Amino acid sequence: MPHISLKAEKVFEIFGFPITNSYLTSLMVIFLFFIIGQYYSFQLTLPLKKRSGLFFMINYINNALFSFFSPILGENTFLIYPVVAGFFIYILFQNWLGLLPGVGSLLIKIHHHEETHFIPLLRGATADLNTTISLGLLSVLITQIYGIRLLGIKEYIKKFFNLKNPISFFTGFLEIVSEFSKIFSFGFRLFGNIFAGEVLLTVIAFLLPILASFPFLLLEIFVGFMQAVVFATLTAVFISLAVSKHH
Amino acid sequence: MTAEMIKNIIIGLTITLGVISPSLVIGKIAKSALEAIGRNPEAETGVRTTMILAIAFAEAIAIYVLVVTLILKFT
């Protein structure tokens, strides 16, 4: 059985900046995302009859996402939808790219402290704690930004520092703690699910090599989808809580 | 008993004890969601979204335990 590493391994470094294998996968997803976005906006300039089938498929997915998120976001849907859908599609791509054959199984040889190690060239980016914690941090920061932008800083800060009575002062303190715990809750939920899936697939493949990992692969596709939904929905719910008036 | 054996037993106990409460809670959430749908079938979509969110919160507890177990096992 190959060595399972909890953290992403360094493949090479550029001017002292370590490039890990999960970062490479992450770059691939960003590139793919960019290509799809460019393609979509190019197709939008064409007349309706000349647009391709892929365009309408992307459009359909976009519409389905929009109608999923609009009941949660309410009147601010047009403002907040791009952020939430961006989170959803980015995490979905990251999760599913980690399941492709070759990711995690293509090994390269590196020399480290006069020893030779074999490390995977690619690794699912959400199976790295750095990615998921930074996604959680981004989500919580965006929540604060929208709260301040839509309510005004005076109204928004009242949620955390309220000196009207002792109870709301205490709940404000709890709110501050919960904002910080959200970051780790987001990060560990995504990381735990995806990394556990990768470990499960590896272990099953070495227990029963033929066909046994197929149902687990289907399960992992579902889990990857579900985690993207959960991340985006939770972000949407937290933003809509932050921008709603409180008393 | 060697240290390795004790470590393996602890790892097994961590995940076993840790998943008891999340599994009970997930069952309870699904039960009340099903009861709500049974009482009011038109509200199914709304109830389903809320149920999935609540399950994700409950499942997060199990995932924390899993992360701790993985850290114990692979470091």
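First the proteins, then the strands, lettered A, B, ... as listed; each starts at 1. These numbers come from a predicted model, not from an experiment.
For CZ of A/Phe170, the number of neighbouring non-hydrogen atoms (other residues, nucleotides, ligands) closer than 6.0 Å is 12 at most. Heavy-atom contacts from other residues, nucleotides or ligands closer than 6.0 Å to CD1 of A/Ile167 number 12 or fewer. Other residues, nucleotides and ligands contribute over 12 non-hydrogen atoms within 6.0 Å of the CZ atom of A/Phe87. Summarising the local packing, NZ of B/Lys28 is surrounded by 12 or fewer heavy atoms from other residues, nucleotides or ligands at distances under 6.0 Å. More than 12 heavy atoms of other residues, nucleotides or ligands sit less than 6.0 Å from atom CD of A/Glu13. The number of heavy atoms from other shown groups lying within 6.0 Å of CZ (A/Phe225) does not exceed 12.
Proximity to chain B among residues 179-193 of chain A is limited to A/Ser185, A/Phe188, A/Arg189, A/Phe191, A/Gly192, A/Asn193, judged by heavy-atom separations below 4.5 angstrom. Within residues 63-71 of chain B, the residues having any heavy atom less than 4.5 Å from a heavy atom of chain A are, in residue-number order, B/Ile63, B/Tyr64, B/Leu66, B/Val67, B/Leu70, B/Ile71.
For A/Val229, no part sits under 4.5 Å from any heavy atom of chain B, backbone or side chain.
When side chains are defined from C-beta on, A/Met226 counts as touching B/Ile52, because their heavy atoms get closer than 4.5 Å.
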